[in-house]
*Asks:* 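My questions will all concern the structure given below.
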Amino acid sequence: MPDVAAELQDDVLERFLRYVCIDTTSDQDAETYPSTAKQRDLGEVLERELRDLGLEDVELTGHGYVFATLSGSGGPTVGLIAHMDTSQDESGADVKPQVVRNWDGTDIVLPGDPDKVLRPSENPILAERVGHDIVTTDGTTLLGADDKAGVAEIMGAVAYLAAHPEIEHAPIRLGFTVDEEVGRGVDHFGIEEFGADFAYTLDGAEVGRIDDETFSASEVRIRIEGLSVHPGTSKGKMVNAIKLGARLIERLPRDDRSPETTEGREGFIHPHRFTGTTAEAELRFIARDFDAAKLEEHEQLLRKLADDLAAEEPQARVTVSVEEQYRNMKEFLDRDPAVTDAADEAARRCGLEPWREPIRGGTDGAMLSARGLLTPNIYTGGQQFHSVLEWASVQDMATSAATIVQLVKLWAEPEWAGTWQSKAARA
Ligand SMILES: [Zn+2]
């Protein structure tokens with residue numbers, strides 16, 4: 001077998017550079033779907049490119065998703081998913097990527113802002129990539145490798161398969177989503193109409209790392225109604241909702257259970273928004289944990305703090321609402337380990353030694369897995385997401401694209417396809 005990654009390299013890079021120049025920032029506060037109309041700009045480009053490649057069922061939906069089919073020789077239908085939007089944390093407009101060819105291991109100064117420097121001394125993953133071609137921003141925007149690296153890799157892989165009809169592979173369904181970064185990526189994603197037996201998101205980072213575990217997540221809102229009176233004549237009457245909110249925040253655990261004091265498998269409570277007036281205030285928290293029981297403890301702690309406040313200030317009204325956001329996908333994926341095992345095997349066939357690590361966040365796949373479409377997450381080779389220091393190695397992106405090729409080939413092999421089909425027949 002020729003070196004698929006080497007063959008894919010130029011095409012994946014070309015696609016990646018084309019896609020990152022299209023601004024697709026999503027918007028947390030918008031009420032529309034997708035949250036920003038400009039996400040369709042990339043959708044239209046992909047729709048056209050998929051038609052040019054000769055794929056079937058190519059569709060840009062009213063919700064902004066792009067779907068397509070590449071038929072295969074046999075085996076289960078494999079879904080491949082990546083998100084087109086980028087994070088609001090940094091600007092995604094006017095992205096000017098630079099490619100540092102055959103990187104020599106010295107500091108990379110970003111040309112648009114010389115204060116922004118990628119240093120191998122601070123960045124062990126970068127330090128191991130001497131000799132790679134490194135794509136960075138100019139230092140004034142994010143790059144958008146999250147997740148346009150995933151988009152480019154899926155596109156590169158299906159372009160390769162479309163150009164090599166002699167390669168046997170499982171049927172493929174492609175899905176490019178919108179609004180992943182604002183937590184609404186699959187709100188309108190119809191699993192039935194997508195029609196895959198299982199899927200993979202290409203939305204991870206370091207090559208070799210396969211994710212089968214995410215946080216379980218909820219949002220907790222605490223609303224405080226005080227009593228506003230003219231400050232000049234309010235002695236003994238005013239109940240200031242802002243001060244009550246601040247009192248509650250002061251009582252949060254200091255040495256643990258916060259994003260800034262936890263790592264690995266530890267969960268947290270994180271106040272991310274505090275708005276209000278004397279009369280009323282709202283505190284918004286996210287609660288995160290890998291363990292459902294511990295997530296509930298975090299929610300209970302917030303309820304207790306709210307109850308304490310209400311007890312101290314009987315004139316105030318304190319209400320708590322909890323909304324489940326997504327669940328740790330591991331409990332679902334463990335029901336069919338072959339789906340994740342196949343990703344490990346595809347990585348091995350690309351010369352990598354795969355490993356697993358829990359993601360301190362969520363993916364589209366976490367929500368899809370809970371809804372019945374098992375969807376672990378595969379590496380893309382992008383690094384330092386949501387930052388002006390975001391970067392990606394071209395060789396790593398090509399390895400990710402080659403992993404997709406190996407994965408869909410593997411699912412057409414009798415050994416793998418057979419396991420799935422006998423399982424489906426039993427069901
Ligand atoms: Zn992402």
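We count ligands from 1, going down the list as the structure has it; atoms in each ligand are counted the same way. Hydrogens, waters and symmetry mates are skipped; everything else that's a heavy atom, side chains included, is used.
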*Asks:* Atom CD1 in Ile125, atom CD in Glu206: separation rounded to 0.5 Å?
*Replies:*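 The distance works out to 4.0 Å.
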*Asks:* Does the Lys NZ or Arg CZ of Arg265 fall within the cation-pi geometry relative to Phe290 - under 6.0 Å from the ring centre and within 45° of the axis?
*Replies:*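 Flagged: Arg265 positioned over aromatic ring of Phe290.
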*Asks:* Quick test of your reading: applying ring pair (Phe, Tyr, Trp, His ring centres under 6.0 Å), list the pairs with at least one residue in residues 61-95, sequence neighbours left out, ordered by first then second residue.
*Replies:*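 Residue pairs passing ring pair (Phe, Tyr, Trp, His ring centres under 6.0 Å), neighbours aside: Tyr33-His63, His63-His188, Tyr65-Phe67, Tyr65-Phe189, Phe67-Phe189, Phe67-Phe194.
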*Asks:* If you apply the rule side-chain hydrogen bond (donor to acceptor under 3.5 Å, both in side chains), what do you find for Arg327 with Thr214, and how did you get there?
*Replies:* CA-CA 7 Å; Arg327 284 171 65 190; Thr214 56; over 6 Å; no
*Asks:* Would you list the protein N, O or S atoms within less than 2.8 Å of the Zn ion (ligand 1), leaving out water?
*Replies:*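 Near the Zn ion (ligand 1), the protein supplies His83 NE2, Asp146 OD1, Asp203 OD1, Asp203 OD2.
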*Asks:* Rounded to the nearest 0.5 Å, what separation is found between the CE atom of Met397 and the NZ atom of Lys148?
*Replies:*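 These two atoms lie 13.0 Å from each other.
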*Asks:* I need the Ile224 CD1 to Ile242 CD1 distance, nearest 0.5 Å.
*Replies:*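 Ile224 atom CD1 to Ile242 atom CD1 measures 10.0 Å (nearest 0.5 Å).
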